[in-house]
Amino acid sequence: MKKSVFLGALTVAGLAAAAAGAATLDDVKARGKLNCGVTTGLVGFAAPDANGQWDGFDVGVCRAIAAAVLGDPTAVEFVPTTGKTRFTALASGEIDVLARNTTWTFSRDTDLKFDFVGVNYYDGQGFMVPKALGVSSAKELDGATVCIQTGTTTELNLADFFRANNISYEPVPIETNAEAQPLYLEGACDVYTTDASGLAATRAAFETPADHIILPEIISKEPLGPLVRHGDNDWGDIVMWTLNALIAAEEYGVTSANVDELAAGTDNPEINRLLGTEGDLGPMVGLDNQWAMRAIKAGGNYGELFEKNIGESTPIGLARGLNAQWTDGGLLYSPPFR
């Protein structure tokens with residue numbers, strides 16, 4: 001088992017090394033579309049509707065990048081990936097950026113030769129159980145069967161938590177969230193564990209969400225964010241600063257509704273540099289000076305994307321929490337645009 005995992009890591013690392021020198025920006029421009037890796041379907045984050053139209057919080061990041069680079073937020077090919085296939089898809093060049101619930105870890109950033117360009121959701125792993133199970137703490141799950149996505153940090157955290165608390169469990173391996181839902185609802189596993197945001201999204205899709213509870217324990221740090229291939233720093237800069245533009249726009253009150261008006265010029269030099277009416281930031285990353293304005297206009301600033309897709313007024317019902325701006329006690333903080 002250890003040998004196969006090691007060889008798999010080497011294969012991904014080798015693919016990444018081979019693709020590292022590629023000029024991704026040139027490829028995207030020549031192709032006329034952004035190939036964006038997303039989850040296979042997690043309502044609120046990335047999921048296709050009945051017409052095949054993708055929407056969600058992570059989808060919004062992809063569309064912002066496409067708007068910044070190509071001037072068209074719809075110029076995106078969404079490529080569904082599982083926990084197992086996502087890294088190979090990025091390393092091989094099948095996708096230009098991976099924007100799905102992927103945790104930034106040491107080994108993924110270094111050994112797999114990827115670059116995480118920021119965090120778009122600060123999360124932590126939790127547990128969901130049927131109310132009928134009658135438990136109120138994850139420490140009461142001794143002997144439980146647990147649905148767990150393979151090839152994820154979730155799988156490793158689960159083993160650590162049960163070992164640390166000297167309790168046992170029986171894993172029920174699954175590859176996608178869609179596969180987990182019927183197994184959990186049918187009772188094939190007592191517990192479903194994944195990032196707490198994913199649990200909220202999954203529960204919201206149930207016919208009777210109130211029959212299921214998310215236990216209070218958060219057992220890990222899961223900083224989720226987009227990543228690119230190691231070695232193409234110019235492309236990494238574009239993805240990083242597009243995400244930062246969405247975060248900074250919320251801080252400065254720049255929205256999809258007022259961005260055109262503010263782009264005419266304001267008394268705030270930071271807003272002016274962000275929207276390209278002062279300075280010359282765009283050419284530094286191979287784009288024009290209106291790239292950030294287009295990214296914000298595509299689907300709104302960070303806060304607009306959050307509230308529309310996963311916020312407290314949606315069925316997902318997530319509070320901002322750690323994902324609030326630093327000025328509101330959260331962790332969101334963009335470096336300066338200057």
Side-chain angles (χ1 to χ4, degrees), residues 1-22 24 37-39 45 58 61 81-126 148-165 171 173 175 193-198 217-241 243-244 247 321-323 326 330-335:
M1 182 67 177
K2 287 184 179 178
K3 184 177 180 183
S4 64
V5 170
F6 177 69
L7 289 176
L10 282 180
T11 301
V12 173
L15 287 168
T24 309
V38 290
T39 182
F45 285 87
D58 291 329
V61 173
T81 64
T82 69
K84 283 186 173 180
T85 65
R86 55 186 165 173
F87 297 132
T88 303
L90 179 59
S92 67
E94 179 185 356
I95 57 177
D96 306 307
V97 59
L98 181 62
R100 72 188 294 282
N101 47 329
T102 299
T103 304
W104 188 346
T105 71
F106 182 97
S107 59
R108 289 172 176 176
D109 197 77
T110 59
D111 193 41
L112 294 189
K113 306 302 181 188
F114 297 133
D115 285 335
F116 285 78
V117 297
V119 176
N120 74 325
Y121 193 91
Y122 290 93
D123 211 344
Q125 184 175 333
I148 179 75
Q149 291 187 50
T150 55
T152 63
T153 56
T154 313
E155 188 176 20
L156 305 175
N157 295 334
L158 179 69
D160 287 350
F161 176 79
F162 275 78
R163 184 175 65 183
N165 287 281
E175 287 202 23
T193 184
T194 188
D195 298 335
S197 63
E217 287 85 1
I218 298 295
I219 67 169
S220 67
K221 292 186 295 184
E222 306 293 328
L224 311 177
L227 57 155
V228 297
R229 287 180 292 276
H230 188 72
D232 192 346
N233 298 54
D234 293 340
W235 177 247
D237 286 344
I238 289 171
V239 178
M240 176 194 302
W241 284 98
L243 176 58
N244 284 335
I247 293 170
L322 294 177
N323 297 291
W326 67 283
L331 297 179
L332 287 192
Y333 185 108
S334 170

Is there a side-chain contact between [X] and [Y], using heavy atoms and a 4.5 Å cut-off?
X: Tyr121; Y: Asn323; answer: yes
X: Pro223; Y: Asp123; answer: no
X: Ser107; Y: Leu112; answer: no
X: Thr153; Y: Arg108; answer: yes
X: Phe45; Y: Asn120; answer: no
X: Asn101; Y: Thr39; answer: yes
X: Phe87; Y: Thr102; answer: yes

Any donor-acceptor N/O pair, [X] side chain to [Y] backbone, under 3.5 Å:
X: Asp109; Y: Thr105; answer: no
X: Arg86; Y: Gly83; answer: yes
X: Arg229; Y: Leu90; answer: yes

Distance in Å, Arg163 CZ paired with Asn165 CG, rounded so as to fall on 0.5 Å steps: 11.5 Å
When rounded to the nearest 0.5 angstrom, what is the spacing between CG in Leu158 and OG1 in Thr194? 11.0 Å
Which heavy atom in [X] sits nearest to a heavy atom in [Y], and how many Å separate them?
X: Pro226; Y: Val239; result: CB-CG1, 4.3 Å
X: Gln149; Y: Glu155; result: O-CB, 3.9 Å
X: Ala99; Y: Asp58; result: O-CB, 3.3 Å
X: Ile218; Y: Ala196; result: CD1-CB, 4.0 Å
X: Glu222; Y: Ser220; result: OE2-OG, 2.5 Å
X: Gly231; Y: Asp115; result: N-OD2, 4.0 Å

Apply side chain to side chain contact (heavy atoms under 4.5 Å, CB included) to Ile148 and Thr154, showing your working. CA-CA 7 Å; Ile148 179 75; Thr154 313; 3.4 Å; yes
Any idea how Phe116 and Trp104 line up, ring-wise: parallel (<30°), tilted (30 to 60°), or perpendicular (>60°)?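 Phe116 vs Trp104 ring planes: parallel.
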So, [X] and [Y]: side-chain donor and acceptor under 3.5 Å apart, yes or no?
X: Thr193; Y: Gln125; value: yes
X: Thr82; Y: Thr85; value: yes
X: Asp96; Y: Thr24; value: no

Could you go through the side chain to side chain contact (heavy atoms under 4.5 Å, CB included) check for Val117 and Leu227 one step at a time? CA-CA 6 Å; Val117 297; Leu227 57 155; over 6 Å; no
From CA spacing to verdict: side chain to side chain contact (heavy atoms under 4.5 Å, CB included), Leu224, Val119: CA-CA 5 Å; Leu224 311 177; Val119 176; 5.6 Å; no
Who are the ring pair (Phe, Tyr, Trp, His ring centres under 6.0 Å) partners of Tyr122, not counting sequence neighbours? none
Only counting residues at least two apart or in another chain, list the ones meeting ring pair (Phe, Tyr, Trp, His ring centres under 6.0 Å) with Trp235.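 Here no residue qualifies.
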